[in-house]
Every structure is written in structure tokens, then in C-alpha cells.
Protein chains: 2
Amino acid sequence: MTIDMNLESIKCDCKQCKLKSLFFSHVTIEELTDICDIKEERAYSKGDIITKEGDVIKEFLYLKEGLVKLSKSTTEGKDQIISFSKPFDFVSLLSIFSSDVYKYSVSAIEDSHVCILDLNLVKNHASKNAMFAMDLMKRVSEATDKIVLDNLEIRRKHLKGRVAHVLLYFAKYIYEKDEFELPVSRREIAEYIGMTTENVIRTLSEFRKDKIIKIFGKDIQIVDKKRLEGISEFG
Amino acid sequence: MTIDMNLESIKCDCKQCKLKSLFFSHVTIEELTDICDIKEERAYSKGDIITKEGDVIKEFLYLKEGLVKLSKSTTEGKDQIISFSKPFDFVSLLSIFSSDVYKYSVSAIEDSHVCILDLNLVKNHASKNAMFAMDLMKRVSEATDKIVLDNLEIRRKHLKGRVAHVLLYFAKYIYEKDEFELPVSRREIAEYIGMTTENVIRTLSEFRKDKIIKIFGKDIQIVDKKRLEGISEFG
DNA sequence: AACAGCTTATAATAAATATCATAAGTTTTT
DNA sequence: AAAAACTTATGATATTTATTATAAGCTGTT
């Protein structure tokens with residue numbers, strides 16, 4: 001059960017990185033070299049914890065590949081999932097500019113590659129290169145905006161609508177197809193949309209009985225998308 | 001019902017403004033003069049809409065005085081309140097760096113003074129002055145962080161805990177005393193914590209019967225704070 | 001292979017919350 | 001001042017959701 005056991009260090013050339021333009025479109029080659037010189041890239045396996053709530057933030061990290069969840073522990077020891085993030089939309093940690101410690105944990109729900117930069121170095125360059133700072137701001141804003149809006153959406157829905165919402169979320173946003181393998185357990189879905197595991201299972205079964213989806217363990221196939229959208233929108 | 005009827009334009013010297021250091025600690029006097037030269041300051045009355053969901057964002061605005069709510073309309077025509085903001089923590093709009101249009105409405109729930117700057121001008125200066133950009137980023141991050149964490153808190157609580165949470169929120173965070181006038185209706189509290197108006201009223205009545213609070217219309221007095229905190233924390 | 005621990009599944013029951021109905025008190029409009 | 005519209009209030013009932021119990025299906029470990 002050791003976390004670091006299956007971590008794998010990878011060599012990577014930042015100048016070649018496809019994601020470079022996303023995060024660092026306004027840094028010079030010199031700045032990029034400086035930042036990337038002491039960078040690290042790690043492979044995490046499904047289930048690994050990437051950063052832990054409460055730890056001091058020393059690194060600027062972004063997801064290159066895979067899928068992660070942001071979560072927070074409640075005082076009763078239960079977890080609340082805040083959001084899921086894939087490479088394109090996951091930029092470092094939300095708290096990076098507002099706190100010294102992580103306010104949420106990040107863990108891999110699929111095998112993931114994370115690029116780890118020195119936070120002070122990144123901040124240092126941002127405080128000198130305004131365009132770079134603006135880029136970062138846009139990214140952080142977009143990420144948090146998405147979280148706030150998504151939470152509002154979920155909040156106003158009933159059980160069925162919430163489960164429909166999650167299924168459509170994975171189908172549309174994460175996998176971009178109507179047949180996919182759920183990267184999370186029913187319990188995690190429950191932690192995300194704020195209901196009990198039993199009711200998530202029950203609702204999925206109901207959708208299956210109503211021929212809206214097909215279920216084969218973790219594999220989900222959306223059969224009647226229109227109807228699922230209707231349930232998500234109106235209950 | 002005209003919105004602009006009771007708006008009042010105010011003269012104000014930015015260099016003297018107490019809030020200057022908060023938002024513009026890293027701008028030069030020249031930049032400040034440039035930005036403030038075409039600024040406007042407006043007084044809004046309780047109930048006035050300051051910005052409307054869907055409108056194009058042309059202005060950078062911040063609250064100098066008063067209390068506002070951020071809200072969003074659902075497809076069914078109901079409102080969801082995202083957060084309340086007082087001068088110190090309300091920095092422009094959250095969407096400002098991630099969208100061209102407002103994603104939420106902002107309205108005054110107490111008489112408020114808002115300072116209105118030209119958004120392009122502010123962005124322009126931020127994209128040249130990295131320290132200023134970093135300041136803005138920190139502010140936006142702090143504001144959104146607070147919203148996300150607060151929403152999580154509320155989400156994991158039951159009715160009583162949620163109502164207790166709101167009362168303590170106003171007491172601790174907004175008014176800093178245990179006796180205050182609620183700036184919102186019971187319906188708005190319901191829109192904030194995601195429950196029905198009837199249940200908000202019922203829960204408040206229950207707290208009154210249990211001698212935890214005293215109610216005189218909108219005036220609330222927290223009598224047994226320890227107990228209210230217990231309810232907020234554990235239900 | 002047998003065991004423990006976890007996830008998925010289903011049903012019955014209990015608890016939480018919403019809806020509906022009704023009324024008194026306030027505020028706004030006419 | 002009266003009427004209309006809204007807010008606060010309370011009770012009864014219906015609906016939604018959680019809890020408890022029980023079991024089968026996996027997964028990893030010894």
C-alpha cells in the first residue's frame with residue numbers, strides 16, 4: 001500500500017510538449033528553460049494520491065495525461081468530491097494563489113502523468129512577465145468558474161437528475177462518447193453529487209430497467225440520450 | 001420599477017481611497033490616475049440590480065460599501081444565491097478573466113457604493129504590470145476559494161445545520177456581532193442554502209422555541225451561540 | 001482454496017424534506 | 001383607505017431520500 005511504489009520518473013522535453021502553448025504561451029524560451037530545468041514528471045497509477053489536503057504547497061503542477069479528482073474530507077471522515085479534471089482544464093491547484101497549503105486533495109482516478117514545476121520559480125516569472133500572469137489568471141478563473149457553475153447545477157437537481165447529470169458529464173465532457181468505463185465507484189459518484197451510495201446504485205438500476213442505459217459493471221452505455229438529458233434538465 | 005432612478009453619482013479621489021491599497025497596491029500613481037480618470041462611482045439602493053447575468057462585461061467593478069448577493073437564475077425561473085459579498089472580499093466579478101459575459105447577477109441587499117472602472121483599461125494595465133496582475137489573481141482566487149469551500153460546507157449539512165450556518169455566517173463574517181438585522185428574506189436564505197422557504201421559516205421558529213435565537217421580524221439575536229455552532233457542525 | 005474486505009445490488013423501513021393549504025402580518029400600489 | 005402582492009407563519013400530508021439489513025459478486029491476500 002505504499003504510495004510512491006509505482007511512481008515512475010519520465011524524461012520529457014518542455015519545448016516539445018504539446019501542452020506548452022496552453023500554459024506558457026507567453027513565456028520566452030529562456031524562461032521556459034529556467035522553469036523546466038528543475039521540473040519533474042511523474043506517472044501515477046489509478047488510486048494514487050497526488051497532493052494531500054493540508055500539505056504545504058511547494059510545487060506547481062499540471063496534468064499532462066489521465067484523469068484526477070479533487071476532494072475534501074469532512075469532519076466526520078467522509079469525502080466530498082469537488083470536481084474531476086482532465087489535462088486540458090486542470091491547471092495546477094486552485095489554491096495556489098490564495099493559500100500556502102492545499103485545501104483539497106488530488107488523486108488519480110485513471111493512470112495519470114503529472115508535470116511538477118517549482119512553485120516559487122513559476123510565481124517569480126509570473127510576477128515579472130505580466131502576460132504570463134494573465135494567462136495563469138485566465139486558467140485559474142476558468143477552472144473555478146466551471147466548478148462553481150457545476151456545483152450550482154447539481155445542487156438544484158433531484159437524485160435522478162443528478163445521476164443523469166454525472167453520466168452525461170462523463171459522456172460529453174470526459175470521454176466524448178456514449179459508451180465508456182466509469183472511472184469511479186458508485187460511492188465516489190455519491191460523494192460527488194451529494195447522495196448515498198445505495199441511491200446512486202438504485203437510480204442506475206432504474207435507468208437500466210427503463211432502458212435508458214446499459215450497465216456491465218463499470219461499463220456504461222447510454223442508450224436513450226434524449227431521455228437522459230430530459231431527466232437531467234427537468235427531473 | 002426603473003432601476004436607474006435612485007442611482008446617484010459620487011465624486012471621489014482614488015488616491016485618497018481607503019481601498020486603493022487593497023486592489024491597487026502595485027500600480028504607479030500614473031497608472032492609478034489613468035485608470036481613475038474615467039471611473040464612475042455609483043450608489044445603489046437595497047434591491048437594485050448592479051450587473052445582470054448574460055450582459056456583456058464592459059466594466060471592472062468593486063464594492064466600496066454595502067452588501068451584495070451573487071445569484072443565478074435556473075431554467076425554471078427560480079434563483080440560486082451563490083454568495084454574499086462585502087467590500088473587503090468582493091473584487092470585481094469572478095467571471096472577469098474567464099468570460100465575456102456575466103455568468104451571475106449581482107444585486108445590492110443593502111445600500112451600496114460601487115466603483116466602476118473601465119475593464120479594458122484595467123486589463124491593459126494588468127497585462128503590463130505583472131505585480132498588479134498577481135494582486136488581482138490573488139483576490140480572484142481568494143474569492144472563488146471561499147465560494148467553493150462554503151458551498152461544500154452547506155452541501156454536507158442538513159436543514160437545521162444549514163440555517164445555523166447562515167446565521168453564524170452573518171453574525172461572524174458580515175456583521176461581527178450576535179445581534180443583527182437580516183439583510184435578506186427567508187426566501188433568499190432558502191435560495192442560498194438550497195431548501196424551501198417554508199422550511200427556513202419553520203427551522204427559525206424551532207430555534208426560537210428552543211431559545212437558541214430571538215426573532216423580531218428581520219432582527220435576529222443569537223442567544224445560545226455554542227448550541228447554534230453545535231447544530232451547524234454536527235446537525 | 002479459503003478468507004477478508006470491498007463494491008454492487010435490492011428491499012423494507014425510517015427519517016428528512018417538499019408540497020399544499022390556510023392565514024395573519026407587511027409593504028406597495030392604486 | 002382599500003386592494004393587491006408579498007412575506008412570515010403553521011399544520012397536515014405527500015414525496016423524496018437515508019438508513020438498516022441482507023446477499024451476491026469481485027479483488028486481493030494468505
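Treat the numbers as computed from the prediction; the structure is a model and nothing was measured. Any value given below was found using the heavy atoms of this structure, including those in side chains, with hydrogens, waters and symmetry copies removed. Convention: sequence-line order gives letters A, B, ...; per-chain numbering from 1.
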Whole angstroms only, please: what is the CD1-C1' distance between A/Ile201 and D/dA18? 14 Å
For B/Arg187, report the nucleic acid contact type (base, sugar-phosphate, nothing); a contact means any heavy atom under 4.0 Å. sugar-phosphate
Taking the six-membered ring of B/Tyr173, is the NZ or CZ of B/Lys86 close enough (under 6.0 Å from the centre) and on axis enough (within 45°)? yes
In whole angstrom, what separates B/Glu181's CD from D/dT8's P? 12 Å
NZ of B/Lys52: more than 12 outside heavy atoms within 6.0 angstrom? no
Candidates D/dT8, C/dA18, C/dA9 - which lies nearest the side chain of B/Thr196: C/dA18
Whole-Å distance separating the CG atom of B/Leu204 from the P atom of D/dT8: 10 Å
Between atom NE2 in B/His158 and atom P in C/dA18, what is the gap in whole Å? 11 Å
Do the non-hydrogen side-chain atoms of A/Tyr102 and A/Lys72 ever get within less than 4.5 Å of each other? no
Nearest whole angstrom, please: distance from the C1' of C/dT7 to the CG of A/Leu182. 13 Å
Check this one for me: any side-chain N or O of A/Arg186 less than 4.0 Å away from OP1 or OP2 of C/dA9? yes
Phosphate contact (D/dT10 OP1 or OP2) by B/Ser205 side-chain N/O below 4.0 Å: yes
In terms of side-chain heavy atoms of A/Arg202, which of C/dA12, C/dT19, C/dA9 is nearest? C/dA12
I need the CD-P distance between B/Glu198 and D/dA9, as an integer number of Å. 13 Å
Regarding B/Arg208, tell me which of base, sugar-phosphate or nothing describes its non-hydrogen contacts under 4.0 Å with the strands shown. sugar-phosphate
Have A/Thr75 and B/Glu233 got a donor and an acceptor in their side chains that come within less than 3.5 Å? yes
If each of A/Gly217 and B/Lys78 is mapped to the nucleotide of DNA chain C with the nearest heavy atom, which maps nearer the 5' terminus, i.e. the 5' end? A/Gly217
Using whole Å, what does the distance between atom P of nucleotide C/dC6 and atom CD of A/Glu188 come to? 14 Å
Could you tell me whether the phosphate oxygens of D/dT17, OP1 or OP2, come under 4.0 Å of any side-chain nitrogen or oxygen in A/Asn199? no
Scan B/Lys218 against the nucleic acid and name what it touches under 4.0 Å (heavy atoms): base, sugar-phosphate only, or nothing. sugar-phosphate
Measure from CZ on A/Phe216 to C1' on D/dC26 and round the result to the nearest Å. 18 Å
Answer yes or no on whether B/Lys157 is positioned over the face of B/Phe234, meaning its NZ or CZ is under 6.0 Å from the six-membered ring centre and within 45° of the axis. no
